[in-house]
There are 2 protein chains.
Amino acid sequence: MDADTAGADAGAATNLAVAAQLATEGRPRRSDATRAAILRAARDRFAADGYERATIRAIAREAGIDPSMVMRYYGNKEGLFAAASEIDLRLPLLADCPREEIGARLVRHFLDRWEGDETLNALVRVGVTNPAGADRVHAVFRDQVTPVVAAVCPEGVPASTRAALLASQILGMALSRYVLKLPPAVSLTDDEIVAWLAPTVQRYLTAEAPQLS
Amino acid sequence: MDADTAGADAGAATNLAVAAQLATEGRPRRSDATRAAILRAARDRFAADGYERATIRAIAREAGIDPSMVMRYYGNKEGLFAAASEIDLRLPLLADCPREEIGARLVRHFLDRWEGDETLNALVRVGVTNPAGADRVHAVFRDQVTPVVAAVCPEGVPASTRAALLASQILGMALSRYVLKLPPAVSLTDDEIVAWLAPTVQRYLTAEAPQLS
DNA sequence: CTTGTTGGTCAACGCTCGTTGGCAACGGTA
DNA sequence: TACCGTTGCCAACGAGCGTTGACCAACAAG
């Protein structure tokens with residue numbers, strides 16, 4: 001078993017290493033279309049079903065290829081999720097944004113991103129049930145949300161605290177609207193959501209520390 | 001297959017009907033301790049792992065009995081979840097609450113409930129990955145949250161809208177703190193959370209409709 | 001003491017899953 | 001042409017799952 005396992009692992013590692021290398025070089029391969037189809041199907045299934053219910057077989061079927069191809073190109077299910085959940089929130093820098101419009105700008109940005117990219121839904125769904133998914137959410141929060149928040153926040157309250165408050169409101173609306181699909185949350189228009197949530201986000205990012213009770 | 005399925009369904013239905021009947025009568029049975037142990041273990045596993053990863057076998061092991069007992073008492077996995085996810089938010093009526101303290105009162109109430117009852121965590125985790133779980137969340141929102149909100153809200157904005165906004169902020173904080181466990185959300189104290197979130201909730205429940213952009 | 005009901009275990013079923021290895025076809029390269 | 005890496009399909013493995021039915025022990029009722 002040692003030999004078998006070691007062999008398999010080495011093979012997978014080699015495959016991944018080669019894939020990464022080629023990907024960064026950007027040299028085109030004949031299989032690029034297939035790889036892309038797999039990723040698209042994976043994001044689709046992960047977003048709709050979460051980690052456990054999204055099966056490799058279903059993803060392969062949706063991509064129109066054999067399940068073993070998924071293994072060849074992404075090593076295993078975890079590797080596939082890692083590749084499918086790579087995301088860039090494309091947060092605006094907020095430097096050129098009037099200070100009192102930060103909240104509205106951010107809320108609208110998140111709404112647009114959520115409706116235009118299934119990866120975000122996949123990330124939330126998987127983050128809730130899978131430890132690796134939760135880690136991925138942590139990384140996105142740490143590397144993309146916190147720095148942008150830190151750049152515009154006044155002192156007195158840690159930027160990580162402000163970022164967490166922002167995340168709680170944004171994630172909560174996304175959860176209610178796109179994942180749980182609570183009817184009143186679904187039927188709100190984008191403009192209504194911005195109007196209600198913008199003052200909240202604005203306060204979380206720019207207000208002084210509130211008085212404790 | 002028709003005969004088999006019909007037979008199994010009839011059997012399960014009978015089991016459930018009998019269980020429900022005895023439960024509503026309240027006549028004590030020798031197996032009450034076992035039933036309770038199963039429910040406790042189920043809530044524990046559902047809260048920690050979500051629907052798919054929480055296996056009947058693991059739940060039975062934690063309850064110290066055989067997996068087949070779970071089937072006998074709750075019919076199937078879905079029936080077990082239905083029983084384990086019955087919940088009463090115990091929302092205060094807010095009638096005797098000073099109007100300007102509604103937000104703080106509600107935020108603190110939800111924090112207490114979340115920390116004192118794993119059922120809430122189970123509900124959120126399962127609601128995200130399982131359609132039946134999402135339905136259960138819808139029911140709780142409709143039957144317990146919306147009516148309380150409707151009782152204290154001014155006209156002009158539908159109570160269901162206000163309830164959805166409330167849910168988005170409460171669920172978002174619960175998601176960040178108890179499910180995803182974002183470090184800055186975990187390290188906040190209860191008092192800090194109340195101080196930051198209370199004005200938000202207060203505004204969602206009592207403010208006039210904001211101006212659309 | 002017998003008899004029927006209840007509480008509980010055990011071994012197995014059928015199924016689906018992630019994963020593997022072998023094999024055929026294709027396409028550049030020498 | 002002959003070769004070899006790449007792309008893809010197919011069949012199967014082992015494991016874990018929900019679920020079932022046969023069987024045993026304890027108790028309650030006659």
Side-chain angles (χ1 to χ4, degrees), chain A residues 1 3-16 18-19 21-23 27-38 42 45-46 49-61 63-82 130 132, chain B residues 1 3-16 18-19 21-23 27-38 42 45-46 49-61 63-82 130 132:
Chain A
M1 172 191 144
D4 285 346
T5 307
D9 282 350
T14 302
N15 274 344
L16 286 178
V18 169
Q21 182 195 346
L22 293 181
R27 177 149 58 86
R29 289 153 303 186
R30 254 190 310 145
S31 60
D32 279 347
T34 301
R35 293 173 129 93
I38 292 174
R45 293 294 92 206
F46 281 135
D49 298 334
Y51 190 80
E52 339 286 334
R53 293 163 66 101
T55 67
I56 299 261
R57 286 166 147 98
I59 292 169
R61 200 177 320 127
I65 46 93
D66 189 86
S68 62
M69 300 300 295
V70 177
M71 309 304 295
R72 174 148 19 194
Y73 291 140
Y74 296 100
N76 55 30
K77 192 176 179 180
E78 234 179 282
L80 173 63
F81 171 72
N130 189 269
Chain B
M1 173 190 145
D4 284 348
T5 306
D9 283 350
T14 303
N15 274 345
L16 286 178
V18 169
Q21 183 196 345
L22 292 181
R27 177 152 57 87
R29 289 153 302 186
R30 257 189 306 147
S31 60
D32 279 348
T34 302
R35 293 175 130 92
I38 292 174
R45 292 295 91 207
F46 281 135
D49 298 334
Y51 191 80
E52 339 286 334
R53 293 163 66 97
T55 68
I56 300 259
R57 286 165 146 97
I59 292 168
R61 200 177 318 125
I65 46 93
D66 189 88
S68 62
M69 299 299 295
V70 177
M71 310 303 295
R72 173 137 21 156
Y73 291 140
Y74 297 99
N76 54 31
K77 191 176 180 180
E78 232 178 285
L80 173 62
F81 172 71
N130 189 269

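Below, read A as the first sequence line, B as the second, and so on, with proteins coming before strands; counting in each chain starts at 1. Reckoned from all heavy atoms, side chains included, excluding hydrogens, waters and symmetry mates.
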Atom [atom1] of [X] to atom [atom2] of [N]: distance rounded to whole Å?
| X | N | atom1 | atom2 | result |
| --- | --- | --- | --- | --- |
| B:Y74 | D:dG18 | OH | P | 16 Å |
| A:Y51 | C:dC17 | OH | P | 14 Å |
| A:M71 | C:dC17 | CE | P | 14 Å |
| A:R53 | C:dT16 | CZ | C1' | 13 Å |
| A:K77 | C:dT19 | NZ | P | 8 Å |
| A:D49 | C:dT16 | CG | C1' | 15 Å |
| A:I56 | C:dT19 | CD1 | C1' | 9 Å |
| A:N76 | C:dG18 | CG | C1' | 9 Å |

Side chains of [X] and [Y] in contact at under 4.5 Å (non-hydrogen atoms):
| X | Y | result |
| --- | --- | --- |
| A:R45 | A:Y51 | no |
| A:I56 | A:M71 | yes |
| B:R53 | A:N130 | yes |

Partner of B:Y73 by side-chain contact (heavy atoms from CB on, under 4.5 Å), out of B:I65, B:T34, B:L80: B:T34
Nucleotide-resolved protein contact map, nucleotides 7-16 of chain D, B/S/- at heavy-atom distance under 4.0 Å: BBBB-B----
Inter-residue atom distance B:F81.CZ - B:N76.CG, 0.5 Å rounding: 12.5 Å
Approximate separation, where rounding is to 0.5 Å, of A:M69 CE and A:I59 CD1: 14.5 Å
